[in-house]
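Sequence positions, counted from 1, serve as the residue numbers for this chain. Quick caveat: nothing in here was measured; it's all calculated off a predicted structure.
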Amino acid sequence: MQWSYPEVRQRLITAGLWPQGRMASLACYLAGMAGVLFALQRLLGMFARSWSEHLGGWVEFLAFLAGVLFFVLAFRWVKRRILWRLRNRLIVTYVFIGVIPAVLLVGMALITLYGLAGQFAVFVVTSEIHSQLRSLEAANAAVTNELAARLERGDPPTAESLAGLRKRDPAWNRRQVCAWYGDKPLPLCNDFKGASLTRPVFVKGRFRDIVRERDDLHLRVCSSMPVGTSQLIVVTSEPFDKELVGNIAADLGEITLYASGLTLDRTPSKPASAPGESAGGSAPASQVTVSIAPEKAKGGISVNSSKDGQTEEQVLHPTFSVGALPAATNSFDREITFGTPLAIVDWKTGEQAPVGAALQVTTRPAVLYGHLFATFGEFVQGVAYILVGVGIFFSIIELIALIIGMRMTRTVTAAVAQLHNATRHVDRGDFSHRIPVTSNDQLADLAISFNSMTASIEKLIQEQKEKQRLENELAIAQEVQAQLFPRQVSELESLEVHGFCRPARTVSGDYYDFLTASSHKLILAVGDISGKGISAALLMATIHSAVRAYSVENLPQMREPVAVGAVAGAGRVMAAWPEGVEVSPGALLSLLNHQLYESTPPEKYATLFLGIYDGRSHHLTYSNGGHLPPILIARDGSIRRLETGGTVVGLFDNMTYAEGAVEMHPGEIFLAYSDGVTEPENDFGEFGEQRLIDLVRDNRELPLPEISQIVTLAVDNWIGDNEQPDDVTLVLARAR
């Protein structure tokens, strides 16, 4: 049976094996190019090896790009096909939360234990080497003191203590001691049946280190002491060979010394020449870092040393290997291999290489365990059993937690599936569907909440429609209120005025107005209603209409402020005023107070400032009903506050309001405002009246609208991103 290309393509698409999308096509294209170049590389490798090497880099690059793209595509496929279900997501979540951290912690603990065990093995070896050096140094100091005493007495320079050491300790038969008095070697140097030691030219005090002489390594200590007119130098040396290292490895494991291919004179250091210098030789003059890399060549290791920003590489090959790896006590007693560098001093020059040799220690945890807890006896074995038991107990808990988590996953996914089915009913507009509740947990409470939600959706829709209707009505109310504020002001020849009001909400409870009483008189009104929102806006409209109704031109005057309620009676407004008298601000406030007291709830009141400016006399007659005192700012910067009046309007009945009169000089600015200008706060406190006065005073020569804009902009900057707390109202007037 033969299939055509479209049939094959359709079958692959159905199976999800045909690349779809630009990324999949690009990945397949790159993989194909890498395959073609790989085949071409193999073919050219038979004839032109150089061309084959050039193609190898392109093959690796294209294969890497294709691999990255295929990984992204595989992740998307897994996410789309496997992780779509909540159950699978929760299982993966449990694995990432419970299993992977535990595996990582165990792995980190094993790596740490391996590193600590290797460091401890190296520490055992280096400690034994330093112990040998200290032993040599003690014996060398004793010989030095004995020779110095004999030389000072004029006796033959022999060391009887050395003979005793060789009798008591067979190890001294392989150690060599040599001494010089000045430049003359003492007979002590001839007692050793081997190559003679050379006199160190770099030692001025004490020396203790591993040295290299004639391609051999030695443990060597040196003491220098002035005796008479010359210097006594005593050197004790022991070969750093298989026998020495083998004694260290006897109860530890296998130790390999890497010491071939050394170059000691590449990295000079400060010679150990200072008298009284601490044991261990000289330290490098600057900071040196050393790293041992894995095998570079067969049977060798690469050692990198860095000093003063320059890196030097040395390849060390094994010199000898001693000891034997002990048998494993159990399946967990694995092999541990660790290395450490050794600093070697050149005996000719005294110069020290940061890495002259390296030791590699191979042992097992059981051996290190015995070294570490050798003095604790059987108590340590009991502790080990306890730790193993704790580990098994924790593993069981981890397994139980994973099983419980997967069982709980089924409960969660079943509830989510029911919620998913219910949302489909809601999406179709079926609000009668209910989720069956069969348990008593948070998921059941969620199902009950969903059932309650579906019953409330229709009610919420109705409330939303009602809210939209109210918002539309508020928008209309805002437009109507905007018409109440004066849009075109008929200014007097001797007075220019400007007003601004910005509500904190949709509608405002602040009030200002300019009324032309006659050709040379102008009424200024500024007020603030208690509260915000619709109720304050309605009361503002009431005051607006009342002020305009009671302040029409040629209205009968009452110059004496009286308690209107007492004269006219409760609930009645005086219909007539005495003939031939002008409007009085105090009387008008009394009348408004009575009307508001009779027509509003007790908690509703207003502050109101009324002033009448006479353009002929430049006098402002006013009465302040509890409002923030307006301010007159003179040309010289001095201020006057208009405080004469009485309490707020509409709170108490039968109130009288006193009147005041001031003369406004040319250039003097009248400033009235609401508390929405001065009371906004930030981290530095309130905006404040003084800041408002300073702004108006500094910009007094600008047009009044610009002054108002500067003030409102300053208030906005003071508030910042916070919500405007109150209505902002500003009234300005300037005498000409």
Do E213 and T198 meet the criterion of a side-chain donor-acceptor pair at a distance under 3.5 Å? yes
Taking side chain as C-beta onward, heavy atoms only, is [X] less than 4.5 Å from [Y]?
X    : Y    : result
R134 : R208 : yes
R175 : L136 : yes
F207 : S224 : no
F61  : V59  : no
V235 : P200 : yes
L37  : L62  : yes
L26  : L69  : yes

Minimum heavy-atom separation for [X] and [Y], please, with both atom names.
X    : Y    : result
L232 : A148 : CD2-N, 3.7 Å
A117 : L368 : O-CD1, 3.2 Å
V125 : V361 : CG2-CG2, 3.7 Å
R212 : D346 : O-OD1, 3.8 Å
A27  : L73  : CB-CD1, 4.2 Å
P365 : I336 : CG-CD1, 3.6 Å

[X] (side chain) donor-acceptor with [Y] (main chain) under 3.5 angstrom:
X    : Y    : result
Y181 : I233 : no
S131 : S127 : no
R199 : G182 : yes

Dump the intermediate steps for side-chain contact (heavy atoms from CB on, under 4.5 Å) on V211 and F240, then the final yes or no. CA-CA 9 Å; V211 302; F240 191 78; over 6 Å; no
R153 meets the salt bridge (charged side-chain N to carboxylate O under 4.0 Å, His left out) criterion, sequence neighbours left out, with D155
Looking at [atom1] of [X] and [atom2] of [Y], how far apart are the two atoms once the value is rounded to the nearest 0.5 Å?
X    : Y    : atom1 : atom2 : value
R364 : T337 : CZ    : OG1   : 9.5 Å
L359 : I129 : CG    : CD1   : 5.5 Å
L65  : E60  : CG    : CD    : 12.0 Å
M225 : S230 : CE    : OG    : 14.5 Å
D209 : W347 : CG    : CH2   : 10.0 Å
T363 : Y369 : OG1   : OH    : 15.0 Å

The single option from I111, L105, V106 that satisfies side chain to side chain contact (heavy atoms under 4.5 Å, CB included) with M108 is L105
Could I get the full list of side-chain hydrogen bond (donor to acceptor under 3.5 Å, both in side chains) partners for [X], not counting sequence neighbours?
X    : result
D241 : R174
S237 : R220
D333 : T329

Give a yes or no on this: more than 12 heavy atoms of other residues, nucleotides or ligands lie within 6.0 Å of atom CZ of F123. no
Has F320 got more than 12 heavy atoms of other residues, nucleotides or ligands less than 6.0 Å from its CZ?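 Atom CZ in F320 is packed in, count exceeds 12.
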Do L244 and Q132 pass the side-chain contact (heavy atoms from CB on, under 4.5 Å) test, and can you show the C-alpha distance, the side-chain angles, and the key distance before you say yes or no? CA-CA 10 Å; L244 175 65; Q132 294 280 359; 4.1 Å; yes
When you look at L217 and L257, which way does the side-chain contact (heavy atoms from CB on, under 4.5 Å) test go after all the steps? CA-CA 11 Å; L217 299 180; L257 173 66; 4.0 Å; yes
Start with the C-alpha gap between Q360 and I255, add the side-chain angles, then the distance that decides, and say whether side-chain contact (heavy atoms from CB on, under 4.5 Å) holds. CA-CA 6 Å; Q360 179 176 286; I255 300 178; over 6 Å; no
Quick one: are the ring centres of F120 and F338 less than 6.0 Å apart? no
Applying side-chain hydrogen bond (donor to acceptor under 3.5 Å, both in side chains) as the test, list every pair that has at least one member in residues 107-121; sequence neighbours left out.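 Listed once each, the pairs would be none.
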List the atom pairs, with distances to 0.1 Å, where a side-chain N or O of residues 247-254 and a protein N or O form a donor-acceptor pair under 3.5 Å, not counting sequence neighbours.
residue: N247; atom: ND2; partner: E243; partner atom: O; Å: 3.1
residue: E254; atom: OE2; partner: S321; partner atom: OG; Å: 2.9

